[in-house]
Amino acid sequence: MTVTLTGGERRAVARRGTAPRPRPRRRVAPYLFVLPALLLFAVFKIYPIGRSFVISLHKSVGGTERFVGADNYTRLMHDPLFWTALKNTAVILVVQVPVMLALATGLAVALNSTLLRGRALFRLGFFLPMVTGLVAYGIVFSILLGKEYGLVNWLLGLTGLDPVPWLTDPLWAKVSLGLALTWHYTGYNAVILLARLQSVPAELYDAAAVDGAGAWTSFRHVTLPGLRPALLLTTVLSTIGTLQIFDEPYVLTGGGPDNATLTIGVYLYQNAFKYFDFGYASAIAYALAVLIGILGVIQFRLLGEKS
């Protein structure tokens, strides 16, 4: 049996059978659009990272670079100042970060309350420290906490208390650094937690109230589980920021007194731009990157969603 097609049907079949293929120019166009970003990323990110690793395998001897392999990394294991810097950084991480995140969580809950009037103004006020320059607020705190002419010690003197050596005593220097970090970053983390808190369905609180749950029970079984992704994010970001901390201890105390506030960031800076030992400084940077990666994996395992 033979089927005869009309002229219009033949043209339609021909059009369907010879559908235009994408032109090569169209397939290349997306890559051309992202090419500038890729080039910038390669020049200012990938190349410096790779070059830093190459430098970490060299040492300057007599003004020339000599390949020393893993000697700089071996030196790390026997460097008491590196371990002092690591211990100081760990103290800040273990003490200051949990306190800051606890305050940020409480602040987020308070700012989310319908009983609070002018919430937008309070949110802005608590976030403003974050937009203050790191060096600027470090200088402000160094002035406020000065032993002789600092405002804080002047106020303490009005109450009959002796001046506190905020920046000249090893213990109080760590306390001062923790206060500065808490003031600067608490509002920032509170805003992140508040954004997540506002996405928690109100029906969950209503159901908890119907079941007779009080404020603490609702916070424990509704608020905290709802904040879990944001808490993971703020914990990871705070960990990375603390391990890389440089501006605050450098401006406030310069790593002193007696290396009490010497952090890994300050020690890296000293080796690179004070002693011009760029190979060792690069090794410190890579050791820090590995440490951040390990802690990040641990935090995701502990705080991440359980499957």
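Everything numeric here is computed off the predicted structure, so don't read it as measured data. Every heavy atom of this structure was used, including side-chain atoms; hydrogens, water molecules and symmetry mates were not.
- A pairwise comparison of heavy atoms in Lys174 and Ala260 identifies CE-O, 3.0 Å as the closest pair.
- One N or O on the side chain of Ser199 and one on the backbone of Arg196 form a donor-acceptor pair closer than 3.5 Å.
- Judged by distance alone, the side chain of Asn271 and the main-chain N or O of Phe276 form no donor-acceptor pair under 3.5 Å.
- Residues Trp183 and Tyr137 place their aromatic rings such that the two centres sit under 6.0 Å apart.
- Minimum heavy-atom separation, Gly254 to Val266: O-CG1, 4.4 Å.
- A salt bridge is defined here as a Lys NZ or Arg NE, NH1 or NH2 lying under 4.0 Å from an Asp or Glu carboxylate O, and Lys147 with Asp169 fails to meet this definition.
- Around the OH atom of Tyr73, the shell of radius 6.0 Å holds more than 12 heavy atoms that belong to other residues, nucleotides or ligands.
- Applying the ring-ring contact (aromatic ring centres under 6.0 Å, His included) criterion to Phe53, with sequence neighbours excluded, gives Tyr286.
- The aromatic ring centres of Tyr149 and Trp154 sit 6.0 Å or more apart.
- Taking the six-membered ring where tryptophan is involved, the planes of Tyr267 and Phe82 are tilted, since the angle between them lies from 30° to 60°.
- Residues Val251 and Gly138 share a closest heavy-atom pair of CG1-C, 3.6 Å.
- Taking both residues in full, the closest heavy atoms of Val200 and Gly226 are given as CG2-CA, 4.0 Å, listed atom of the first, atom of the second, then distance.
- Summarising the geometry, atom CD1 belonging to Ile245 is positioned 14.0 Å from atom CD1 belonging to Ile240; distances are rounded to the nearest 0.5 Å.
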After noting the C-alpha distance and the side-chain angles of Leu32 and Val28, does the key distance pass the side chain to side chain contact (heavy atoms under 4.5 Å, CB included) rule? CA-CA 6 Å; Leu32 293 178; Val28 174; 3.8 Å; yes
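- Separation of atoms CD (Gln299) and CG (Leu233) is listed at 11.0 Å; rounding is to 0.5 Å.
- Under the 3.5 Å distance criterion, the side-chain polar atoms of Ser52 are left unmatched by any main-chain donor or acceptor of Ile49.
- Using the six-membered ring where Trp is involved, His58 and Phe67 have ring planes that are perpendicular, over 60° apart on the 30 and 60° scheme.
- With Asn112 contributing its side chain and Ala108 its backbone, the two residues share no donor-acceptor pair below 3.5 Å.
- The side-chain heavy atoms of Leu252 and Thr261, taken from C-beta on, include no pair separated by under 4.5 Å.
- Between the CG atom of Asp71 and the OG atom of Ser56 there is a distance of 11.0 Å, given to the nearest 0.5 Å.
- Residues meeting the side chain to side chain donor-acceptor pair (under 3.5 Å) test with Ser218, sequence neighbours left out: none.
- Clustering ILVMFWY residues whenever any of their side-chain heavy atoms sit less than 4.5 angstrom apart, transitively, puts Leu171 in a cluster other than the one holding Leu181.
- Between the NZ atom of Lys87 and the CG atom of Leu262 there is a distance of 10.5 Å, given to the nearest 0.5 Å.
- In this structure, Ser238 contributes its side chain and Thr234 its backbone to a donor-acceptor pair below 3.5 Å.
- Under the 4.5 Å side-chain criterion, counting only non-hydrogen atoms from C-beta, Ile92 is in contact with Leu177.
- Counting heavy atoms from C-beta outward, Thr105 and Phe219 have side chains that approach closer than 4.5 Å.
- Of all heavy-atom pairs spanning Leu167 and Pro257, the tightest one is O-CD, 3.7 Å.
- Proximity of Leu224 to Arg228: side-chain heavy atoms (C-beta onward) are nowhere separated by under 4.5 Å.
- Ile284 and Met77 fall within a single hydrophobic cluster, where Ile, Leu, Val, Met, Phe, Trp and Tyr side chains are chained together by heavy-atom contacts under 4.5 Å.
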Begin with the C-alpha distance, continue with both residues' side-chain angles, and end with the deciding distance and a verdict on side chain to side chain contact (heavy atoms under 4.5 Å, CB included) for Leu151 and Ile143. CA-CA 8 Å; Leu151 177 62; Ile143 296 174; over 6 Å; no
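- In terms of modelled atom types and a separation under 3.5 Å, the side chain of Trp166 and the main chain of Asn153 share no donor-acceptor contact.
- Between the CD1 atom in Ile139 and the CG atom in Leu134 there is a gap of 11.0 Å [rounded to 0.5 Å].
- Annotation: side chain of Asp79 is in contact with side chain of Tyr280 (closest heavy-atom distance under 4.5 Å).
- Between atom CG of residue Leu291 and atom CG of residue Leu86 there is a gap of 6.5 Å, rounded to the nearest 0.5 Å.
- Cluster membership check: Leu124 shares its hydrophobic cluster with Val191, using side-chain heavy-atom separations under 4.5 Å among Ile, Leu, Val, Met, Phe, Trp and Tyr.
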Begin with the C-alpha distance, continue with both residues' side-chain angles, and end with the deciding distance and a verdict on side chain to side chain contact (heavy atoms under 4.5 Å, CB included) for Leu295 and Leu243. CA-CA 10 Å; Leu295 290 178; Leu243 291 175; 3.7 Å; yes
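- Applying the ring-ring contact (aromatic ring centres under 6.0 Å, His included) rule to Tyr188 yields no partners; only residues at least two apart in sequence or on another chain are considered.
- Linking Ile, Leu, Val, Met, Phe, Trp and Tyr whenever their side-chain heavy atoms come within less than 4.5 Å leaves Val175 and Val95 in two separate clusters.
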